[in-house]
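Numbered from 1 within each chain, the chains take letters A, B, ... in sequence-line order.
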Amino acid sequence: MGSGQVFGWTSVDKRWYGFLNNVPVRIYQEDDKLIVYSNKELEEEDIINFFSLNDDIEMINEKIMVNDFLKKAIQLYSGVRILQQNPIDTIVEFICAQNKNIPAIEKIIEKLSLKYGERAKIDETTFFGPPNIEKIANSSLKELLENGLGYRAKYLLFTAKKILEDKMYSDRIRKMDYIEALHAMTSGNMKLYGVGLKVADCILLYGFHKLEAFPIDVWVLKAYPSALKEFIDENLYGEKYFGRPKLDKKKYLLMGNVARKIFGKYAGYAQLYIYMASRNLFKGSKKI
DNA sequence: ACTCGACCTGAAAT
DNA sequence: AATTTCAGGTCGA
């Protein structure tokens, strides 16, 4: 829950309050037991799906443990999984998340949830569900701007309207394979305004469970050379690409493809470990 | 097809 | 304490 892939949950005394499949829940872990409470109906299957408990994590770790960097990261963050959130919610979240730090993202999502989310109460804790796409679409640019969204407000408004217009959007993306879905979301008639390669990768990984996705943000970019160093062919992918600080489209895709070559269809899991390791490694300093 | 500056805002670094 | 840099990037010229 604290891995940076999910926003909008409330943590009180190591208990998490939030919405799982539109149902308000309280979740906590005791040793190897996951305890989920709700005052509404919730299927066990939904919980298993949300936490991806059917992903064979031992096998995945084995496959992506390609060097000491990954080995150490896997040890350090053992237990983390790629969640399966509501796709629409991830679209909203990761449009808001671009070019912001995590505390700022939490703040924006909190404000949006307060305005556009469902209210719930468990124990003495009141919390709000993820912002409703319909309510966002029916609001105004001016109203959205009150949440600290800045230039993301127009992205969110247009995308909310488009998603609402096309009821089958998620279903169509779900049926596509990873690379097809990536291009659909970022170009052509299914393109979402404000969704580039990075945000699309996050949506595909955390919302659609397309595990080949390898989102490259500033943190993954920083750790990439050390995390994958023995796999980077200096002739093919040398200074020309990885030495430069900024990521263009071509370089983004190339780096993702290299990762997919190494980690296969579990690149997304590798990304999460590398992301977490990088945030720990580079926190409090911009040294590389 | 590629490069490059503009862009909102607030947290964190200097 | 004030100022600058930076953040889970994308758009349009």
Side-chain angles (χ1 to χ4, degrees), chain A residues 1-9 73 77 80 82-83 85 89-112 140-160 162 182-188 190-208 210 213-224 227 240-241 243-256 259 267-288:
Chain A
M1 299 299 285
S3 65
Q5 57 176 308
V6 60
F7 303 103
W9 287 68
Y77 304 108
V80 73
I82 305 282
L83 302 177
Q85 305 170 58
D89 296 343
T90 59
I91 291 172
V92 172
E93 283 172 21
F94 283 92
I95 283 178
C96 297
Q98 65 187 64
N99 216 231
K100 282 267 179 195
N101 56 36
I102 292 199
I105 299 165
E106 287 289 359
K107 210 167 191 175
I108 290 176
I109 301 296
E110 198 178 317
K111 283 185 177 177
L112 287 175
S140 65
L141 204 55
K142 190 183 168 212
E143 195 183 321
L144 285 173
L145 279 167
E146 290 165 12
N147 303 288
L149 278 164
Y151 61 79
R152 301 156 197 80
K154 59 180 184 291
Y155 300 161
L156 190 56
L157 185 59
F158 286 142
T159 288
K162 186 170 175 71
L182 180 69
H183 288 114
M185 293 183 85
T186 54
S187 63
M190 285 183 81
K191 197 230 180 318
L192 300 179
Y193 186 47
V195 175
L197 291 172
K198 152 66 172 66
V199 171
D201 262 345
C202 287
I203 294 166
L204 291 173
L205 184 57
Y206 306 131
F208 289 93
K210 296 198 184 295
F214 190 84
I216 304 169
D217 66 341
V218 291
W219 299 100
V220 174
L221 185 62
K222 275 185 209 176
Y224 195 100
K240 194 175 158 199
Y241 290 110
R244 299 205 307 240
K246 241 204 155 193
L247 259 185
D248 57 30
K249 229 171 192 179
K250 192 174 168 186
K251 183 174 164 188
Y252 184 96
L253 288 171
L254 180 60
M255 291 176 72
Y269 266 96
Q271 185 271 356
L272 188 57
Y273 286 119
I274 294 169
Y275 171 75
M276 295 178 79
S278 178
R279 283 185 59 84
N280 187 42
L281 218 54
F282 297 117
K283 70 181 171 194
S285 164
K286 63 175 182 178
K287 70 175 191 297
I288 299 189

So, the side chain of [X] versus the backbone of [Y]: is there a donor-acceptor pair under 3.5 Å, distance only?
X        : Y        : answer
A/Tyr224 : A/Met255 : yes
A/Tyr206 : A/Thr90  : no
A/Glu93  : A/Gly8   : no
A/Lys191 : A/Val195 : yes

Base, sugar-phosphate, or nothing for [X], non-hydrogen atoms under 4.0 angstrom?
X        : answer
A/Ile108 : nothing
A/Ser278 : nothing
A/Gly148 : sugar-phosphate
A/Gly150 : base
A/Phe94  : nothing
A/Pro103 : sugar-phosphate

Between B/dA11 and C/dT10 - P atom distance, rounded Å: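 Their P atoms lie roughly 22 Å apart.
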Atom P, compared across C/dC11 and B/dG10: separation rounded to whole Å: 22 Å
Interatomic distance where [atom1] belongs to [X] and [atom2] belongs to [N] [whole Å]:
X        : N      : atom1 : atom2 : value
A/Leu149 : B/dG10 : CG    : C1'   : 13 Å
A/Lys111 : B/dA11 : NZ    : P     : 9 Å
A/Lys249 : B/dT3  : NZ    : P     : 13 Å
A/Leu247 : B/dG5  : CG    : P     : 17 Å
A/Leu221 : C/dA7  : CG    : C1'   : 13 Å
A/Lys154 : B/dC7  : NZ    : C1'   : 7 Å
A/Ile105 : B/dA11 : CD1   : P     : 12 Å
A/Lys142 : B/dC8  : NZ    : P     : 17 Å

A/Ile216 versus A/Lys198, closest heavy-atom pair with distance: O-CD, 3.9 Å
B/dC8 pairs with, by Watson-Crick or G-U criteria that keep both distances under 3.5 Å: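 The answer is none; no pair meets the criterion.
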Along DNA chain C (nearest heavy atom to each residue), the more 5'-positioned of A/Leu192 and A/Tyr206: A/Tyr206
A/Lys198 vs C/dC11: side-chain N/O to OP1/OP2 distance below 4.0 Å: no
Of all the choices, [options], which nucleotide is nearest to the side chain of [X] once you look at every atom?
X        : options              : result
A/Asp248 : C/dA7, B/dT3, C/dG9  : B/dT3
A/Lys250 : B/dC7, C/dA7, B/dC2  : B/dC2
A/Asn99  : B/dC2, B/dC8, B/dT3  : B/dC8
A/Lys100 : B/dC2, B/dC8, C/dG12 : B/dC8
A/Tyr193 : C/dA7, C/dC11, C/dG9 : C/dC11

Atom CZ of A/Phe158 with >12 non-hydrogen neighbours under 6.0 angstrom: no
Presence of donor-acceptor pair under 3.5 Å, side chain of A/Tyr252 and base of C/dG9: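 Per atom types, no contact qualifies.
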